[in-house]
Number of protein chains: 4
Amino acid sequence: MARGRKVNSNGEKSKQLLREKAIELFSTNGYYQTKISDIVKAAKVTQPTFYLYFESKDSLFHDLNEQFQQDLFHILEEQLQQQGMQFQKVIENLLQYFASNPLLTKIGLYQSEASYTVKEKLVEKFEQILDGQVENYHNLQRNDIHIVSQSLMGSIERITDTLLLTNRKSAKELAEDLFSIYFVEEAESVVVS
Amino acid sequence: MARGRKVNSNGEKSKQLLREKAIELFSTNGYYQTKISDIVKAAKVTQPTFYLYFESKDSLFHDLNEQFQQDLFHILEEQLQQQGMQFQKVIENLLQYFASNPLLTKIGLYQSEASYTVKEKLVEKFEQILDGQVENYHNLQRNDIHIVSQSLMGSIERITDTLLLTNRKSAKELAEDLFSIYFVEEAESVVVS
Amino acid sequence: MARGRKVNSNGEKSKQLLREKAIELFSTNGYYQTKISDIVKAAKVTQPTFYLYFESKDSLFHDLNEQFQQDLFHILEEQLQQQGMQFQKVIENLLQYFASNPLLTKIGLYQSEASYTVKEKLVEKFEQILDGQVENYHNLQRNDIHIVSQSLMGSIERITDTLLLTNRKSAKELAEDLFSIYFVEEAESVVVS
Amino acid sequence: MARGRKVNSNGEKSKQLLREKAIELFSTNGYYQTKISDIVKAAKVTQPTFYLYFESKDSLFHDLNEQFQQDLFHILEEQLQQQGMQFQKVIENLLQYFASNPLLTKIGLYQSEASYTVKEKLVEKFEQILDGQVENYHNLQRNDIHIVSQSLMGSIERITDTLLLTNRKSAKELAEDLFSIYFVEEAESVVVS
DNA sequence: GATGAATGAGCGTTCATTCAT
DNA sequence: TATGAATGAACGCTCATTCAT
């Protein structure tokens, strides 16, 4: 039987394909219910080919989470450096990223063990922002900023899963909704300094 | 160790012990990373003993979730029949149950596939309650009840995980906090009819 | 929970019941597909009770076969000592025993490893009888007695299974049929000397 | 032993080897007393290798029976289409197949649950053939064709086991013997129309 | 770059059997 | 006489991973 390099084959392409299929399968079935054999079957290559490009199942999963986190914090960092960026807009952009990368988000925000850290870091970011906004939100004056941040994180998490990734609402709409719930009166005037 | 019955052994005790150890391990390590061998090792019995009391790993996990769900909806039903029960109190009692059953909650609310359904049902309950309260909350007038319910579900989910089950805040405190965030002005006066 | 001797219980009765149920189950499901747990469930006793009366699953099965063989050769011996007993009558009585003990026959003639020996011995008996009858059957003059005996054994085996134990034909009818096939002309006149 | 591919290894060879060893073991020890571990030990591979080529123990056993049955009825069909084929020759060819495939025959005719169906079908075939031959055999005039067919099936079964597969007699000899027993006078002239 | 072939390590489950009561 | 409770010893099967080509 024929072995060796396929005609028209190309390493980078195979790797990319495997990555994509892995993302699809991990995101829908989870880590433990996704087998290497499933991934390579979907990518129409054999098992050893997988190990040509990835160290192990675990390391691939880890890499995907790594990427999700880097994307996320890159976006956040970028925005926090823009003076005058509204918090609502920050949330919207976050949601926008989730909407644009639904499968990776499923993995990085829900499937992975690492998601705990991600969310913790997001909460911290929220706290930093809200810290500078106490006078703008009367909600913050009566509520612990930490609680509000945690609560908000939870809301984002759930709303993303049930309304955003299912294409029921847009990132913009959901950001507005969240703001309307959390920071009623002066939502429009709040600005990230 | 010799075969046969242990001195002073007692079936109900063994079953209970296995159940407890299973809950501990499932709640901390999840379904797939909890092996029957781990459970029986923790309970200091052998593998066949596990099958003396439970049909399979899967069915035990399923049973635990079943119990969690029954408890949960029993509590909810009970409260909704009490005229005059405040929504805040409903949430508090929910959180109270979580706090009293932290490990089972971990399993039923986070580890299990069934948690999706549980949360959906909780959201529906929230919607039913809020539906009858539109005039009491100014928040509800401007926000879609569905969104508020989903958001609240997310908040509860996260706050339970990070603040309640870690013993950082009490059920009562957190219920108050949530109400202060979600239903600012008239929180005290809201009553489930 | 109550333990110890059951009221109205009686050792011999339990043993007999277990035996009967074992015969039923072995005969219909075979040795490997019959579990001790099935037998005791059918007899409504517990597993240790089984070991009160039988050494092991294997030894019980062995005993059942032993009994079958003793019955069988007792019958055969008895008949061979009666001068003038026709071979056809011998076969009929054999079949009669099978028909009266269908379940034990299933075990002893088909399910058991020991059935090989039983059949070999039966064949030997047939040979002995036929040896003294050569001049009576023209069939035997042209055919090897050994072959005829083996063939007859096969016929009996199959006919018992498909026609006798299923109550489609009687022992008498089948003995006649067999004789009509095997010893055409002088069937009536053949006599075991 | 190191992991991965063996030197000079070849899939089809391994599969064939496993099949052969399985046939050997199943035919001598039966289904339940043949463990996968026995099969792979005999083939000098590890257990996962077995599952590389066969779905399960059960499905392999099933496949072997399937093949036996197909072979058998292929032969039978082939012969029945040849005008003028003698019944004796049909039996001879059947026995010839058994002699050429002794182990598969052991499985398909004695070990398997499916053997019941096989034999039933063979009996039906015999009946069909004999139906067209009533006038040729004086035996058939007095005996029920069904009984004769069943009896013949039993004879074949037993004779195959004790004389053919043990190399004591050839297929040709045994076919002659059977005919001489069953269809005395005109055996030579009987022809399948 | 890619495949065919194989395995180490382990997992969930079953079953005959046996102590302690 | 009988049961409640437990275990030793497998067994069938799976999965990530790795040589040899």
Side-chain angles (χ1 to χ4, degrees), chain A residues 1-7 9-15 32 34-40 45-53 55-58, chain B residues 1-15 32 35-38 40 45-58, chain C residues 1-15 32 35-40 45-53 55-58, chain D residues 1-15 32 35-38 40 45-58:
Chain A
M1 212 139 290
R3 234 166 302 174
R5 183 174 184 167
K6 268 193 203 159
V7 264
S9 77
N10 168 302
E12 218 34 63
K13 228 173 68 188
S14 290
K15 177 170 186 178
Y32 292 101
T34 301
K35 305 175 216 155
I36 304 275
S37 63
D38 296 333
I39 298 173
V40 300
V45 298
T46 57
Q47 305 222 36
T49 301
F50 178 92
Y51 290 91
L52 219 54
Y53 300 112
E55 235 186 40
S56 67
K57 180 186 177 183
D58 200 72
Chain B
M1 204 176 294
R3 256 201 268 192
R5 184 175 193 164
K6 279 184 191 162
V7 264
N8 268 330
S9 73
N10 169 300
E12 210 43 55
K13 231 174 65 190
S14 292
K15 178 171 185 177
Y32 292 102
K35 322 291 178 191
I36 305 274
S37 61
D38 297 332
V40 300
V45 296
T46 58
Q47 300 230 40
T49 300
F50 178 92
Y51 291 93
L52 217 52
Y53 301 111
F54 307 103
E55 250 193 19
S56 67
K57 178 186 174 181
D58 200 73
Chain C
M1 213 136 290
R3 232 165 301 172
R5 184 174 183 167
K6 267 194 203 160
V7 261
N8 280 333
S9 76
N10 168 301
E12 219 34 62
K13 227 174 70 188
S14 291
K15 179 170 185 177
Y32 292 101
K35 305 174 215 156
I36 304 275
S37 63
D38 296 333
I39 298 173
V40 299
V45 298
T46 58
Q47 305 224 34
T49 300
F50 178 92
Y51 289 91
L52 218 54
Y53 300 111
E55 234 186 40
S56 66
K57 178 186 177 183
D58 200 72
Chain D
M1 203 174 295
R3 256 199 271 193
R5 184 175 194 163
K6 280 185 191 161
V7 265
N8 268 331
S9 72
N10 169 300
E12 209 44 55
K13 231 173 63 191
S14 293
K15 178 171 185 175
Y32 293 102
K35 322 291 178 191
I36 304 276
S37 61
D38 297 333
V40 299
V45 296
T46 57
Q47 300 229 39
T49 301
F50 178 92
Y51 292 92
L52 217 52
Y53 301 112
F54 307 102
E55 252 192 20
S56 66
K57 179 186 173 181
D58 199 75

Note to self: Does B:Asp58 reach a base, just sugar-phosphate, or nothing at all? Heavy atoms under 4.0 Å.
What the structure shows: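 It contacts nothing in the nucleic acid.
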Check: Which part of the nucleic acid does D:Ser9 contact within heavy-atom distance under 4.0 Å: base, sugar-phosphate only, or nothing?
Finding: sugar-phosphate
For the side chain of [X], counting heavy atoms from C-beta on, which of [options] is nearest?
X	options	value
D:Ile36	F:dC13, E:dT17, E:dT3	F:dC13
B:Lys57	E:dT13, E:dG8, E:dA16	E:dT13
D:Ser37	E:dC11, E:dT3, F:dC11	F:dC11
A:Lys35	F:dC15, F:dT7, F:dT3	F:dC15
D:Tyr51	F:dG12, E:dG12, F:dA6	F:dG12
A:Leu52	F:dT7, E:dA2, F:dA20	E:dA2
C:Pro48	F:dG4, E:dG4, E:dT7	F:dG4

Non-neighbouring partners of [X] that pass side chain to side chain contact (heavy atoms under 4.5 Å, CB included), sequence neighbours left out:
X	answer
D:Gln47	D:Ile36, D:Ser37, D:Val40
D:Asp58	D:Tyr31, D:Ser56
C:Tyr53	C:Ser14, C:Lys15, C:Leu18, C:Thr49

Between [N] ([atom2]) and [X] ([atom1]): distance, integer Å:
X	N	atom1	atom2	value
B:Lys6	E:dT21	NZ	P	13 Å
C:Phe50	E:dC19	CZ	P	17 Å
D:Arg3	E:dG4	CZ	C1'	17 Å
B:Arg5	E:dA16	CZ	P	22 Å
D:Tyr53	E:dA6	OH	C1'	8 Å
D:Lys15	E:dA6	NZ	C1'	16 Å

Next item on the list: With rounding to the nearest 0.5 Å, note down the distance linking NZ in A:Lys57 to NZ in A:Lys35.
Entry: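 It is 9.5 Å, given to the nearest 0.5 Å.
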Check: For E:dT7, does either OP1 or OP2 sit under 4.0 Å from a side-chain N or O belonging to D:Thr49?
Finding: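 Checking E:dT7 against D:Thr49, a side-chain N or O does come within under 4.0 Å of OP1 or OP2.
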Notebook entry, point to check: Distance check: side-chain N/O of C:Thr46 vs OP1/OP2 of F:dG4, anything under 4.0 Å?
Noted result: no
Notebook entry, point to check: Given that B:Glu12 and D:Gln47 both sit by DNA chain F, which one's nearest nucleotide is further toward the 5' end?
Noted result: B:Glu12
Checklist line | Nearest-nucleotide 5' precedence on DNA chain F, A:Thr34 against D:Tyr32 | finding: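 First, find each residue's nearest nucleotide; the 5'-ward one identifies D:Tyr32.
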Note to self: Taking Watson-Crick (N1-N3 plus N6-O4 or O6-N4) and G-U wobble (N1-O2, O6-N3), each under 3.5 Å, can you produce the dot-bracket string of DNA chain F? Use [ ] for crossing pairs and | for inter-strand ones.
What the structure shows: .||||||||||||||||||||
Item checked: Contacts of A:Tyr32 that satisfy ring pair (Phe, Tyr, Trp, His ring centres under 6.0 Å) - sequence neighbours left out ->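 With sequence neighbours excluded, A:Tyr32 shows a ring pair (Phe, Tyr, Trp, His ring centres under 6.0 Å) to B:Tyr32, given in chain and number order.
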